Amino acid sequence: MKTLGIETSCDETAIAIYDSNKGIIGESVYSQMEMHAEYGGVVPELASRDHCLKIIDVLNEAMGKHSLDTIDQIAYTSGPGLLGALLIGESFAQGLSTALEIPLIPINHLEGHLMSPMMEFPEISMPFICLLVSGGHSMIVDVKAKADYEIIGQSQDDAVGEAFDKVGKLLGLPYPGGPYIEKLALKGNPNAYDFPRPMIHSDNLDMSLSGLKTAVLYKIQKIQDINQDVKEDIAASFQKAVTDVLIAKIKKTIEKTNRSDVIIAGGVAANKYIRKKFKELENTLKIRVYYPDLKYCGDNAAMIAFVGSMMTPSKHKSIKSKVRARWPLNELKE
Ligand code: KG4
Ligand code: ZN
């Protein structure tokens, strides 16, 4: 069975084909990042317009030599995300499904991130813990069974990716700051500055990142000459502080839940320092740690097509809009 996945929830226009026997057999991602960088963040109206402009080319590239007639069903991101951007993907998906007379399945974007490592590691089985860290979300999810997700911890303020981006801005780095901070940190001393680790000792699984970002701001304001060496040290010290908090929360999660598999997903999961530090937990905590292939950490349609391939499409065809700007993971159970 072939599932066509469509993703347009934010600033990536992406389409992929997942074949139940062969895995991903075609995919294309167009990133609008360069366009939004000029404004220091995603501009929703520009995002919608650009999805409109690029989606046909993205479809053609993803299809390659495959014909649309061979597609059995269409899965598309219906939320959470930017409403205008989601509507472009939904309208496109509805058009294709009507023309091809095949089922249409709305997918939760966060569920796509949760499941993404399973494409590469079929041995992962539920239940497992997922640390979902992106620009808009930072949560620890107990994945009990398909569509049975409990959010057991989350950031009380900034998302982890958002904190990376804000600190990037303070250091004069381009948007989004995450990958640039990782690069700078490679040459820096992670112990140069002792930034706070908010809520690291709290008994719950929640996190807080905004105080850490403010501590970086105050430090920068105090330093006379923010030269390259200082920037590298700040980047490395900030990255270490964030990682320490995430590691402490996952340790506490394992203590509380006794789960043995941990998945790290979302844009921040691309960070190699974080990947390495989490992998080191395998021996100490006797757990297995998985993360998606680098190209599937950020937004992509492969994860949407993959989740779609696990769903049974509804027999009732409906062209009612299903898009939702807000769609928490714990509201998926029917
Ligand atoms: O999942 P994603 O592509 O989009 C959503 O937010 O849904 O995540 C983007 C976020 C941005 O905040 C970006 O700075 C962060 O992921 N990010 C990173 C790295 N690569 C992307 N943060 C830290 N280190 C990275 N290498
Ligand atoms: Zn995402």
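None of these values were measured; they are calculated from a predicted model. Counting convention: from 1, in listed order, for ligands and their atoms alike.
Looking at Lys54 and Glu12, no side-chain N of the basic residue comes within less than 4.0 Å of a carboxylate O on the acidic one, giving no salt bridge. By the 4.0 Å N-to-carboxylate-O rule, Asp244 lies close enough to Lys240 to be salt-bridged with it. For Glu123 and Arg288, the salt-bridge test fails: no basic side-chain N is under 4.0 Å from an acidic carboxylate O. One finds no salt bridge joining Lys213 and Glu162 here, because no Lys/Arg side-chain nitrogen approaches an Asp/Glu carboxylate oxygen to under 4.0 Å.
Ser202 and Lys249 share a side-chain donor-acceptor pair at under 3.5 Å. Under the 3.5 Å distance criterion, with hydrogens and angles disregarded, no donor-acceptor pair is assigned to the side chains of Asn330 and Glu150.
Less than 2.8 Å away from the Zn ion (ligand 2), the protein contributes these N/O/S atoms: His109 NE2, His113 NE2, Asp299 OD1.
At most 12 non-hydrogen atoms from other residues, nucleotides or ligands lie less than 6.0 angstrom from CD of Glu34.
Among protein heavy atoms, the minimum distance from atom 26 (N) of ligand 1 is reached at Glu182 OE1, 2.6 Å. Closest to atom 9 (C) of ligand 1 among all protein heavy atoms lies Gly135 N, 3.8 Å.
Among the atoms of Gly267, some N or O lies under 3.5 angstrom from an N or O of ligand 1. Residue Gly266 places no N or O, backbone or side chain, under 3.5 Å from any N or O of ligand 1. For the pair Gly178 and ligand 1, the shortest N or O to N or O distance falls below 3.5 Å. Among the atoms of Phe164, none of the N or O lies under 3.5 angstrom from an N or O of ligand 1.
Applying the side chain to side chain donor-acceptor pair (under 3.5 Å) test to pairs two or more places apart or on separate chains, those with a residue in residues 65-74 are Thr3-Gln73. Annotation: side chain to side chain donor-acceptor pair (under 3.5 Å) contacts involving residues 80-89, sequence neighbours excluded, are absent.
Residues meeting the side chain to side chain donor-acceptor pair (under 3.5 Å) test with Tyr291, sequence neighbours left out: none.
With a heavy-atom cut-off of 4.0 Å, Asp299 touches ligand 1 through backbone and side chain alike. At a heavy-atom cutoff of 4.0 Å, ligand 1 is contacted by the side chain of His113 but not by its backbone.
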